[in-house]
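Here the structure comes first, spelled out in structure tokens, and everything after it is commentary.
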Number of protein chains: 2
Amino acid sequence: MSRASDRAYAAIRAELMSGALKAGEQVTEDQLCQLAGVSRTPVREAVRRLENELLLVRSDTKRLFVADWSGDDIEEMFALRQMLECHAAERAATRLTAEQIALLETANRELTAAVDQPVPDVARFLEANRSFHENIIEAAHSPRLAGLLARLVEAPVLLRTARTYSPEDLRQSGRDHDELIAAFAARDPEWARAVMGSHLRRAFHTFARAVGPDMGRTRS
Amino acid sequence: MSRASDRAYAAIRAELMSGALKAGEQVTEDQLCQLAGVSRTPVREAVRRLENELLLVRSDTKRLFVADWSGDDIEEMFALRQMLECHAAERAATRLTAEQIALLETANRELTAAVDQPVPDVARFLEANRSFHENIIEAAHSPRLAGLLARLVEAPVLLRTARTYSPEDLRQSGRDHDELIAAFAARDPEWARAVMGSHLRRAFHTFARAVGPDMGRTRS
DNA sequence: AACAGGGTTATTGTATACAAATTGCCGACG
DNA sequence: CGTCGGCAATTTGTATACAATAACCCTGTT
């Protein structure tokens with residue numbers, strides 16, 4: 001992470017996540033250079049990565065814009081993620097070691113701890129959640145699957161500012177994870193797949209409800 | 001395609017496909033510059049694309065090598081492709097226009113014409129086959145799905161030199177495509193998914209048989 | 001003979017200058 | 001008043017020089 005292009009990537013990504021760069025807005029490479037404090041060469045490399053992760057998009061004439069996800073885009077992304085991550089859960093069920101299952105339990109204890117407070121710590125929840133899912137993908141032993149998912153998982157976080165997490169939603173996620181762990185402990189691929197499917201599909205509807213009935217179809 | 005980076009991409013890719021650059025071999029950026037006749041900047045951009053498509057890989061210390069796919073890698077890739085392309089076929093069944101279906105018929109006529117000769121024209125077959133599948137993915141109207149598949153479809157072609165296409169294999173592909181067209185014409189997503197699944201799974205076994213029992217597990 | 005150390009070469013990473021392309025503006029003309 | 005064309009400014013694309021880092025070889029020591 002000490003390379004200039006990595007720092008540029010992190011810096012630009014942070015700006016996108018914080019909302020300092022708004023969806024649909026044009027950005028120039030020079031702008032991003034100033035922002036990251038490096039020259040255009042590493043910035044261009046970082047931009048390629050972000051384009052690949054669909055956080056930035058190029059117009060037909062190569063001009064650069066912050067991605068603006070429509071409701072359809074989000075639904076599509078969730079559908080793809082569900083397909084791939086169900087597959088990962090299925091594979092993981094027969095491949096997880098006892099140590100890895102213990103890791104999942106640890107991550108989910110952290111997750112529930114973040115929720116079981118007077119005021120839930122959403123950032124802590126998100127980090128534990130990310131770790132939980134990452135461990136499953138890791139255990140699926142399918143490096144290309146992992147690469148594909150990497151492109152899908154992070155993108156919608158862009159919209160997290162718009163989202164209102166209810167404590168009940170967060171708790172339900174914890175329970176889903178518990179059942180997932182049970183399916184893994186039973187070495188039951190079908191069970192794991194099914195739980196993952198309902199987990200992600202519920203997440204989609206929670207997300208859709210939070211963002212609004214039109215799911216971002218009205219742009220600002 | 002007139003951009004230097006695009007030309008570099010095409011040139012390097014051609015070298016990989018022709019087998020002039022062998023699997024596992026190290027390549028340097030300067031080498032690729034000479035090869036493409038452009039400077040390192042566009043070459044580096046082309047290399048990023050090829051890394052993304054898994055045709056090139058980087059060692060832990062950033063040195064560049066031609067990808068060397070193991071049998072497990074190939075099986076994994078086929079499994080992912082099947083999952084995604086079945087999904088594409090299912091979506092396409094309800095979205096293809098009459099014109100697009102006609103396009104598929106044209107592509108498959110070209111494909112069978114390439115086969116129905118004293119000596120089948122494999123290159124022409126591959127091109128028609130690529131066009132056929134591309135049209136389906138296009139019709140699925142899922143740009144991210146298309147992006148994911150792009151990373152998977154082209155990679156194993158690297159190994160096509162090792163492959164012996166029997167005329168019967170090629171003819172069977174044409175018949176699969178015909179049934180796929182029938183499923184699309186009937187607007188039956190389930191049918192389309194099933195046909196695509198068996199089509200790709202058969203292709204996998206044909207491929208595995210042609211490459212050999214160990215599927216490349218013995219590297220040269 | 002094996003191995004550690006240091007210096008040399010090869011390779012990748014970054015900055016900068018310049019070229020090509022695109023956009024937007026402004027005036028001339030219908 | 002609209003619109004067409006071209007000039008100026010902005011933005012992206014490429015080449016090249018230089019810096020940082022990793023691999024290699026060679027020697028000296030044990």
Side-chain angles (χ1 to χ4, degrees), chain A residues 1-16 20-68 143 147 150 219, chain B residues 1-16 20-68 143 147 150-151 219-220:
Chain A
M1 264 301 216
S2 67
R3 293 248 179 308
S5 61
D6 290 328
R7 277 181 287 128
Y9 170 79
I12 297 168
R13 196 168 191 290
E15 288 292 303
L16 289 168
L21 296 173
K22 289 189 284 288
E25 180 181 0
Q26 177 173 4
V27 291
T28 68
E29 294 176 354
D30 281 324
Q31 219 177 312
L32 300 176
C33 289
Q34 265 192 291
L35 207 145
V38 299
S39 83
R40 276 182 59 212
T41 308
V43 161
R44 282 171 67 86
E45 189 164 331
V47 165
R48 298 289 141 60
R49 283 177 67 184
L50 292 162
E51 276 184 86
N52 228 346
E53 294 170 11
L54 306 171
L55 297 180
L56 294 176
V57 294
R58 253 176 216 288
S59 77
D60 47 1
T61 59
K62 312 294 186 187
R63 263 144 180 81
L64 207 60
F65 296 85
V66 179
D68 184 10
R219 317 283 174 81
Chain B
M1 263 307 211
S2 68
R3 290 243 182 315
S5 61
D6 290 328
R7 278 181 287 128
Y9 170 81
I12 297 167
R13 195 167 191 288
E15 289 292 305
L16 290 168
L21 296 173
K22 290 189 283 290
E25 182 181 357
Q26 177 172 2
V27 291
T28 67
E29 294 177 354
D30 282 324
Q31 220 177 311
L32 301 176
C33 288
Q34 264 192 292
L35 207 144
V38 298
S39 81
R40 277 181 59 212
T41 309
V43 162
R44 282 171 67 85
E45 186 164 334
V47 165
R48 295 288 136 63
R49 282 177 68 183
L50 291 162
E51 276 185 86
N52 226 349
E53 294 171 10
L54 307 171
L55 298 181
L56 294 176
V57 294
R58 253 176 215 288
S59 77
D60 48 1
T61 59
K62 312 295 186 189
R63 263 150 181 80
L64 208 59
F65 296 85
V66 179
D68 184 11
R151 288 180 59 175
R219 315 286 174 81
S220 59

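Numbers restart at 1 for each chain; the letters A, B, ... are given by sequence-line order, proteins then strands.
Counting only heavy atoms from C-beta outward, the side chains of A:Val47 and A:Arg58 approach each other to under 4.5 Å. The shortest side-chain heavy-atom distance between B:Leu64 and B:Leu32 falls under the 4.5 Å cut-off. At least one side-chain heavy atom of B:Leu16 sits less than 4.5 Å from a side-chain heavy atom of B:Leu56. The shortest side-chain heavy-atom distance between A:Val43 and A:Gln31 does not fall under the 4.5 Å cut-off.
Comparing the helix axis at one end of the helix from C:dA1-D:dT30 to C:dG30-D:dC1 with that at the other, each defined from 5 consecutive pairs, gives an inter-axis angle of 20° (nearest 10°).
Under 4.0 Å is where a charged nitrogen must lie from a carboxylate oxygen, and between B:Glu45 and B:Arg48 no such pair does.
Between A:Arg3 atom CZ and D:dA20 atom P the separation is 12 Å, expressed in whole Å. Rounded to an integer number of Å, the gap from A:Glu45 CD to D:dT12 C1' is 17 Å. Here the P atom of nucleotide C:dT16 and the CZ atom of B:Arg40 are 17 Å apart, to the nearest Å. The distance from atom OH of A:Tyr9 to atom P of C:dG13 is 17 Å, rounded to the nearest whole Å. In this structure, the CZ atom of A:Phe65 is 14 Å from the P atom of C:dT22, given to the nearest Å. Per the geometry, CZ belonging to B:Arg44 stands 7 Å off P belonging to C:dT14, to the nearest Å. When the P atom of C:dT16 is taken as reference, atom CD of A:Gln34 falls 13 Å away, rounded to whole Å.
We find the CZ-CG distance between B:Arg49 and B:Asp6 to be 5.5 Å, quoted to the nearest 0.5 Å. To the nearest 0.5 Å, atoms CZ (A:Phe65) and OG1 (A:Thr28) are separated by 11.0 Å. B:Arg63 CZ to B:Glu29 CD: the interatomic distance, rounded to the nearest 0.5 Å, is 10.5 Å.
Each of A:Asp60 and A:Thr41 was matched to the nucleotide of DNA chain C holding its nearest heavy atom; the match closer to the 5' end belongs to A:Thr41.
Here the shortest heavy-atom pairing between B:Asp68 and B:Ala23 reads OD1-CB, 3.8 Å.
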Atom pairs, protein N/O to nucleotides 9-11 of chain D N/O, distance under 3.5 Å:
from: D:dT11; atom 1: O4'; to: A:Arg63; atom 2: NH2; distance (Å): 3.3

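Judged by distance alone, with hydrogens and angles left aside, B:Thr61 brings no side-chain donor or acceptor close enough to the base of D:dA22 to form a pair under 3.5 Å.
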